[in-house]
Number of protein chains: 2
Amino acid sequence: MISPESRRIVSRRTRPAKSPLSQEAIVSTALELLSREGMAGLSLRKVAAALDTGPASLYVYVADLNELHVLVLDRVLGEVELPPEQAGDWRNRLKALLRSYFGVLLARPGLAQVALSTIPSGPNMMALTEALLSLLAEGGVDLRRAAWAIDLLLLQTAAVAAEQDNRRSQDESELARVAEAVHSVSAEQHPNIHALGDELVSGKGDRHDWALDVLINGVLSTPRP
Amino acid sequence: MISPESRRIVSRRTRPAKSPLSQEAIVSTALELLSREGMAGLSLRKVAAALDTGPASLYVYVADLNELHVLVLDRVLGEVELPPEQAGDWRNRLKALLRSYFGVLLARPGLAQVALSTIPSGPNMMALTEALLSLLAEGGVDLRRAAWAIDLLLLQTAAVAAEQDNRRSQDESELARVAEAVHSVSAEQHPNIHALGDELVSGKGDRHDWALDVLINGVLSTPRP
DNA sequence: ATAGCAGACGAACGGCGTTCGTCAAGAACA
DNA sequence: TGTTCTTGACGAACGCCGTTCGTCTGCTAT
C-alpha cells in the first residue's frame, strides 16, 4: 500500500494546485467524459476519479446524477448556433437552427435521450427557445400557436436524433434482424409493408429535412383550438 | 441455514409444478413488474426472483436486458386497438389509433423511453405499422410518402408520451423550478418567453391532439423529395 | 447401460448511485 | 489570541445492478 501522503504529493505534482471543486469543473469533466465514452460511460464515480477525488465529494455541488445530466445538456446546448440573422428567409433560418440543435445532440452518444427525459430550463435552452419563438413570429405564426409549435419542433428533432443515435450505436446484427423481419413479412398478411420493403428501413439524412418541412407546413396550416 | 432440499419442497408446495421457465413466462413476469414498479424497477434480478430462480437462469431465453425490454415493448403493443374499420373517416381513425398507441405507452411508467431507444420489429409492431400504412393510403397518401410519415407519427407520439411520463414522475419541485425559470426571465432579454409566461409550461392533453393534426396536415401538404 | 447435451443456477466480479460519519480548514466571534 | 460554528471534502460502506463462469442435474439418443 502506498501511504496517502505520497499519493497526494504525486497527484499534486501532476495537477499542481489540484482542481478546486466546483459545479463548473464537474460539468466540464462530465462533458469530456461524455464526448469520449458517451452517456453510457458517464458516471459520477468516473467524474470523481477524473477530478482525483471520491464520488461523495460531488454531492456538494450536484444533487444527483439526473441533475448532472441536466447541467451537461444545457452546457452543450450553448454550442447550438443561434441566428444567422440575415442569410435566408425565416423558414430556412428556422431549419438551420433546428439542424444545429440536431447536430449538437447527435455529436455525443446518448445525449439525445437526455433531451427526451427532461424539461430543460437552463439559460442556453432559454436562448434557444427565444430564438425559435422569434423566428416563428417572423413567419407570421401568432405567439400562442408558436408556444405549442416549438415544443413540437424540439421534441421531434430530439426524437429523430435519438433514433439515429441508436441506429449508429447498435451492432449491425440488430439492424439486419429488423431488415430481415420487414422482408420476411407475407404479402397477404401485411401487403403494404411487403410492397415497401427496404423503403421503411432506409435511414437517410433527407428524412429529417423532410420532417422539418412537414412540421412547419403543418404548423402554418393548423390553428390552435 | 436451511438445507436446499427443504427450501425446494416448500417452494414447490407454494407453486406446485414450479413455473417452467420460458421466454413467454419471463416476459409476462417482467410485464407485471413493469406495471407495478415502472421501468426503473424492472431488473433481471427481480424477474428471476419472481420466478423463484437466480438471474443466471434467464440468459437461456433472453440475450440481455435490452432484449427483454424489446420483448416487453412488443408484447405491450399488442394492446393497441387497431382499426375500428368503420366509425369515422380515415383521419379520425388514424388519430384514434395513435391515441391508443399513446395511451398504451403512457400506461407503464418509463415504457415510452424504451419505444424511443429501439427500432422494434416484433409482430405487434408490424401489425401497427401495416394499419398505419393502410390508413394513410386510404387518405390518398402515396406509399413512399406514407413510409416516411409513419415514422414521423410514431416517433412524435412516443416522444410526447415520454415527455408527459417524465412530467408525471418528476417531483413537483422540479416542475416548479422550470416554471420559476420561465417567469423570472427578463422582458428585455427574452421578450417572447416573457410575454408567453405559463403558456409555455402548461401541459394539457389538447396539445397532443393538436400535434397530430399538425403532423397529418403537414404530411398531406409536403411531397417527398 | 451409457454418453452427450441442454437447461438450470450458485457464486462471484466489477460497476453503479447514494448516504453516513468523520475530519480539517476557515470564518465569525469573544 | 482563543474558541466555537460552519461548510466543503471524502473514506467507507450499503444495497442495488447486469453479466459470466463453472458445475450440477435430468433427459434423450444411442
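Lettering follows sequence order; numbering is per chain, from 1.
Whole-Å rounding puts the A:Leu68 CG to C:dT18 C1' distance at 14 Å. Between the C1' atom of C:dT18 and the CG atom of A:Asp64 lies a distance of 9 Å, rounded to the nearest Å. A straight line from CG of B:Leu42 to P of D:dC16 spans 16 Å, rounded to a whole angstrom. Taking atom CG of A:Leu58 as the reference point, atom P of D:dA9 lies 10 Å away to the nearest angstrom. Residue B:Leu21 contributes atom CG, which lies 13 Å from atom C1' of C:dA6 at whole-angstrom precision. Atom pair B:Leu44:CG and C:dA8:P shows a separation of 15 Å (rounding to whole Å applied). Separating the CG atom of B:Asp52 from the C1' atom of C:dA8 is a distance of 12 Å, rounded to the nearest angstrom. Rounded to whole angstrom, the span from the CG atom of A:Leu33 across to the C1' atom of C:dG15 amounts to 14 Å.
Under a 3.5 Å cut-off, the side chain of A:Glu130 and the backbone N or O of B:Ile193 do form a donor-acceptor pair.
Side-chain proximity of B:Ser43 to the nucleotides D:dT19, D:dG8, D:dC17 is greatest for D:dC17. In this structure, of C:dA8, D:dC17, D:dA9, it is D:dA9 that holds the atom nearest to the side chain of A:Tyr61.
Remark: A:Tyr59 is in phosphate contact with C:dT18, judged by side-chain N or O atoms under 4.0 Å from OP1 or OP2. Put simply, B:Thr53 has no side-chain N or O that comes within less than 4.0 Å of OP1 or OP2 on C:dA8.
The base of C:dG15 lies outside donor-acceptor range of the side chain of A:Arg45, with no N or O pair under 3.5 Å.
Base engagement by B:Ser57 is indicated by at least one non-hydrogen atom pair under 4.0 Å involving a base atom.
For the pair B:Arg108 and B:Glu79, the salt-bridge criterion is met [side-chain N within less than 4.0 Å of a carboxylate O]. Salt bridge present: A:Arg177 and A:Glu174 bring a charged side-chain N and a carboxylate O closer than 4.0 Å.
Checked by atom type, the side-chain pair A:Ser28/A:Arg75 shows a donor-acceptor distance below 3.5 Å.
Rounding to the nearest 0.5 Å gives a distance of 10.5 Å between CZ of A:Arg36 and CG of A:Leu31.
Between A:Gly41 and A:Ala56, it is A:Gly41 whose nearest contact on DNA chain C lies nearer the 5' terminus.
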